[in-house]
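Throughout, numbering of the chain's residues begins at 1 and tracks the sequence. Remember, predicted model here, so these are calculated numbers, not experimental data.
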Amino acid sequence: MSKVYTYKFPYLAQYTSIKAGMPVSLDEEGNIWPGAGFTLYRDSSYKEVTDEMKHVKVRRLDFDHVFVVYDGYATIFQANCHGETYQGNTVELPMEGTERFRVRELVHLSGYRYIIVGRTTLLPVIVQRKDNTFKLNVGTPLEMNIDEDRFPHVDNLDDDTFAMVYENGFFLYTNYGSWVDGDKPSLVLKAQAKLMHRRLDFHGIAGMDSNHWVVAATGKVHNSTSPYTSTRAWLVTLKDGAMTVSEHIYVPWSMTCGWFGMDNIGRDHVIIAYSDLYDNGVRAVLLSFDRQKESISFGAQAVMQKGGSIVDFEQIDVTVLNNRQFVVTYEDGVAHGLMMVMGSRTDSNDILATSPTFVVGRPGRGEHLDYFHFDVAELGKEHFVIIETRKVNGRFSTRIDLADSYPRLLGVAKTNGKKGVAEIQLGGILTVSSKKKLTPGRAIYANSKGDLIQSLPYGYASRNFGVFYVVDQETNTIVDNRNLIGVAVSKNKIRMRLQ
């Protein structure tokens, strides 16, 4: 007979409950929580999303809501702990001149204050939410005198100020401004724009603090015969209202030509994900900011995708979840699907890919893709949402995916928790009470809700057979291979084999 290994662990009874048969994980304080590992709940909306969310952008609103904007409109979604999302009401955005507001970017400044970037307009809005509905307090637009096809990229510096980078004419410029409260909020630029460099194809920005921001750019130099270059970056320092731009630095031994994404990770670092011209893959690099020396440098690099997927200017996005984890999402130019890879920063400031390449979604065979837009937003340190909208064969579809990235599986609750303590089984033969009967020989996984998922025959649920994650056939949910509990040995028993 197999020995049963059970031990008692604490949990926070005021916030959660532990039921017998529930897979659990440990947090940093040693408390257990329902669910474990990585789970992606695809098409998580409780009702079908009927909005055509062209050029969609999404940012966190509060602990369980996200704010979503797209051409002409805004809405909100609520996410719960059961892998479901609920859409709230929809609000129309003001016109940009005589045209519908064309969304380029969405920036969270602080609290419920956001900046929606349009063609040449920065629109300040305050989201006023009550339950699952909201209103927008739309402020006075800030009109930028720039080329319409070269919109500003904006990031916050602190709760009240922001910085931007944009292209105009033949050159790249940076500037900063502040939010002005009032019945109608407004934005004001604080200085004359600072000339940085000749114009390049793609660019981004990351605010480091009230007086520093990082600008990155890539692609060809405008109106030049020069070849593509590696990703380059500048540090902009603000002192007594005057901006100083550092000499640019390059990512060594790389060349890139397409979109890239960047996001702050921790107080002194920025993650940049970009397409690599040599193998058409996706790489990430860590940029470090030295506050004492007021300088920046490129550090660790990681291969997120080994090549072949980036064949044109496909969109790439990087979203930081917490001080350790980030997620890179990109459009596969061959399959026209959305792919995703998880990454981590170590204590020694190395970075690495920590997951397989997840196929989030793709059109069916023979379907013509008219357009595809997506965006990603963190929703707490272990959660994020993905919104996808695509038009295929003249018909559009929009869906919202909800992802949880929890610590690895600790074990399964042997009994119901009581008074903040639960008995957890870590090994041996696990007996489960479930209406769904298990099939002997099948691999059994856990999702982030604490449910059991039955998958392939145990021997085939392996990297040796090219299986890096499994899909629950009933719910279309993705779970990582490391969510494995063990192998079913009878209709209600599992031989635990934790990864």
Partners of Glu143 by side chain to side chain contact (heavy atoms under 4.5 Å, CB included), sequence neighbours excluded?
Thr120, Thr121, Pro141
Looking at residues at least two apart in the chain, or sitting in another chain, which of them share a side chain to side chain contact (heavy atoms under 4.5 Å, CB included) with Glu382?
Tyr406, Pro407
Can you name the salt bridge (Lys or Arg N to Asp or Glu O under 4.0 Å) partners of Glu52, sequence neighbours left out?
none
Those residues at least two apart in sequence (or on a different chain) that pass salt bridge (Lys or Arg N to Asp or Glu O under 4.0 Å) with Glu28 are Arg324
List, one per line, each side-chain donor-acceptor pair under 3.5 Å for residues 372-381, sequence neighbours excluded.
unit_1: His373; atom_1: ND1; unit_2: His55; atom_2: N; d: 2.9
unit_1: Asp375; atom_1: OD2; unit_2: Val58; atom_2: N; d: 2.9
unit_1: Asp375; atom_1: OD2; unit_2: Arg59; atom_2: NH1; d: 3.0
unit_1: Glu378; atom_1: OE1; unit_2: Gly380; atom_2: N; d: 2.9

Would Thr319 and Asp317 count as a side chain to side chain donor-acceptor pair (under 3.5 Å) if you check the C-alpha gap in whole Å, the side-chain angles of each, and the deciding distance to 0.1 Å?
CA-CA 7 Å; Thr319 302; Asp317 183 272; 2.7 Å; yes
Taking only distance into account, with no hydrogens and no angle test, what donor-acceptor pairs under 3.5 Å do side-chain atoms of residues 237-246 form with protein atoms, sequence neighbours excluded?
unit_1: Ser246; atom_1: OG; unit_2: Leu235; atom_2: N; d: 2.9
unit_1: Ser246; atom_1: OG; unit_2: Leu235; atom_2: O; d: 3.4

Measure the acute angle between the ring planes of Tyr166 and Tyr173, then classify it against the limits of 30° and 60° as parallel, tilted or perpendicular.
parallel
No-hydrogen, no-angle side-chain donor-acceptor test under 3.5 Å, Ser448 and Asp404
yes
With a 4.5 Å heavy-atom cut-off, do Arg390 and Ser397 have their side chains touching?
yes
Between Val127 and Arg113, is a side chain to side chain contact (heavy atoms under 4.5 Å, CB included) present by the stated rule, with each step listed?
CA-CA 7 Å; Val127 181; Arg113 302 189 295 180; over 6 Å; no
When Tyr86, Tyr41, Phe77 are each screened for ring pair (Phe, Tyr, Trp, His ring centres under 6.0 Å) with Tyr46, the one that passes is Tyr86
